[in-house]
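Side-chain atoms are counted along with the backbone in the values below, which use heavy atoms only and exclude waters and symmetry mates. Sequence positions, counted from 1, serve as the residue numbers for this chain.
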Amino acid sequence: MADIIMNDVVKAILDRRSIRKYADKQITEEELQTLLTCAFNAPSGGNSQSWFISVVQDKEVLENMNKAFVDGILNGPNADDKARERFGNPDFSVYFHAPTVMFISYPKSGVETNASLLGENIVLAAQSLGLGTCYLGGIIGMLLRKPEGMVHRRAMKIPEDHEVLFGISIGYPEEAPAAKPRDLEKFVRI
């Protein structure tokens with residue numbers, strides 16, 4: 001890798017990893033408010049701020065959504081032995097047992113980009129605070145965008161005219177995975 005300028009922001013970007021093992025401890029209110037403040041300071045086209053965040057910290061709500069996700073997988077047309085082994089494990093959690101999960105949505109008439117930028121602000125701010133995160137996509141396509149997911153969308157007060165884009169699990173990390181290789185040649189200079 002070529003020489004780069006190192007500062008706190010660059011360090012947070014380079015140190016961030018997807019965390020799939022969390023301590024059984026809720027993040028503080030101050031940490032949550034910091035993440036939300038950083039999220040809402042993301043850039044957006046025309047300052048539209050076209051996003052919505054549902055913060056879920058209620059264990060029962062998370063367990064109910066996890067159960068609905070697992071049931072959908074295990075009773076779906078693609079449930080094979082590998083799926084039954086992974087998702088049939090009683091300890092399986094689509095959120096990796098994170099104490100906080102944020103679901104990011106955007107207006108169906110809008111574009112995903114603004115909500116994506118908001119999400120990256122969340123994960124980088126979390127990294128800077130010593131918190132771990134992991135983007136979640138499976139539960140979106142396999143539950144929250146399906147008719148049977150409407151009950152969960154309503155529970156999270158997601159506006160009817162919004163589409164859920166992704167989730168982010170957040171908590172105190174109990175693992176420190178190594179960086180995966182990156183292809184630093186995927187660019188062109190003109």
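With values rounded to the nearest 0.5 angstrom, Y135 atom OH is found 8.5 Å from I104 atom CD1. To the nearest 0.5 Å, the span separating NE2 on H162 from CZ on R153 amounts to 9.5 Å. Atom CD1 of I19 is separated from atom SG of C134 by 8.5 Å, given to the nearest 0.5 angstrom. To the nearest 0.5 Å, the span separating CG on L124 from CG on D8 amounts to 12.5 Å. Between I13 atom CD1 and I4 atom CD1 the span is 9.5 Å, to the nearest 0.5 Å.
By the 4.5 Å heavy-atom criterion applied to side chains, F103 and H152 are not counted as neighbours. Using a 4.5 Å heavy-atom cutoff, the side chains of M102 and I122 are in contact. Between I5 and V10, every side-chain heavy-atom pair lies at or beyond the 4.5 Å cut-off. Counting heavy atoms from C-beta outward, M156 and M65 have side chains that approach closer than 4.5 Å. Between T100 and L35, the closest side-chain pair of non-hydrogen atoms is not below 4.5 Å. Using a 4.5 Å heavy-atom threshold, the side chains of H97 and D24 count as separate. Two residues are said to be in side-chain contact when any heavy atoms from C-beta on lie closer than 4.5 Å; I168 and V123 meet this criterion.
Nearest heavy atoms, S18 versus R16: N-NH1, 3.4 Å. In this structure, A12 and Q127 approach most closely via the heavy-atom pair O-CG, 3.4 Å. Smallest separation of non-hydrogen atoms from P99 and A23: CD-O, 4.3 Å. Closest heavy-atom contact between A79 and A83: CA-CB, 4.3 Å. When all heavy atoms are compared, the tightest approach of P43 to L117 is O-CD1, 3.6 Å.
Taking hydrophobic clusters as Ile, Leu, Val, Met, Phe, Trp and Tyr residues chained together by side-chain heavy-atom distances below 4.5 Å, V94 shares a cluster with L74. When the side chains of ILVMFWY residues are joined at heavy-atom separations under 4.5 Å, either directly or via intervening members, I53 and L165 end up in a single hydrophobic cluster. Hydrophobic clustering (ILVMFWY, side-chain heavy atoms < 4.5 Å, transitive): V55 and I158 are in distinct clusters. L131 and F166 fall within the same hydrophobic cluster, where Ile, Leu, Val, Met, Phe, Trp and Tyr residues are linked whenever their side-chain heavy atoms come under 4.5 Å apart, directly or through other members. Note: the hydrophobic cluster containing V101 does not contain I170 (ILVMFWY, side chain heavy atoms under 4.5 Å, direct or indirect links).
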Please list every donor-acceptor pair under 3.5 Å in which a side-chain atom of residues 136-150 meets a protein atom from a residue at least two apart or in another chain.
| unit_1 | atom_1 | unit_2 | atom_2 | d |
| --- | --- | --- | --- | --- |
| R145 | NE | E163 | OE2 | 3.3 |
| R145 | NE | V164 | O | 3.0 |
| R145 | NH2 | V164 | O | 2.8 |

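Within a 6.0 Å sphere centred on CG of N7, heavy atoms belonging to other residues, nucleotides or ligands number more than 12. No more than 12 heavy-atom neighbours from other residues, nucleotides or ligands sit within 6.0 angstrom of CD on E60. Within a 6.0 Å radius of NZ in K157, no more than 12 heavy atoms belonging to other residues, nucleotides or ligands are found.
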Exercise. Would you sort out whether E29 and Q33 count as a side-chain contact (heavy atoms from CB on, under 4.5 Å), showing the intermediate values?
Key: CA-CA 6 Å; E29 186 62 26; Q33 290 306 314; 2.9 Å; yes
Practice problem: Apply side-chain contact (heavy atoms from CB on, under 4.5 Å) to the pair Q57 and L32, showing each step before the final yes or no. | Solution: CA-CA 11 Å; Q57 296 181 309; L32 176 61; 4.1 Å; yes
Quiz item: Between E63 and Y95, does a side chain to side chain donor-acceptor pair (under 3.5 Å) hold up when you go through it step by step?
Solution: CA-CA 9 Å; E63 287 171 11; Y95 323 110; over 6 Å; no
Quiz prompt | Verdict with supporting geometry, L118 and F40, side-chain contact (heavy atoms from CB on, under 4.5 Å) | solution = CA-CA 7 Å; L118 172 133; F40 293 134; 4.0 Å; yes
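Ring geometry, F69 versus F92: the interplanar angle falls under 30°, so the pair is classed parallel (tilted spans 30 to 60°).
Between the side chain of R17 and the main chain of L14, a donor-acceptor pair closer than 3.5 Å is present.
Between E31 and T28, the side chains place a donor N or O and an acceptor N or O closer than 3.5 Å (distance only, hydrogens not considered). Side chain to side chain, S169 and Y22 meet the donor-acceptor criterion of an N or O pair below 3.5 Å. Donor-acceptor pairing under 3.5 Å is lacking for the side chains of Y172 and Q26.
Salt bridge present: D81 and R84 bring a charged side-chain N and a carboxylate O closer than 4.0 Å.
The side-chain hydrogen bond (donor to acceptor under 3.5 Å, both in side chains) contacts involving residues 39-54 comprise N47-Q49, S48-S50, S48-N114, S50-N114, where partners must be two or more places apart or lie in separate chains.
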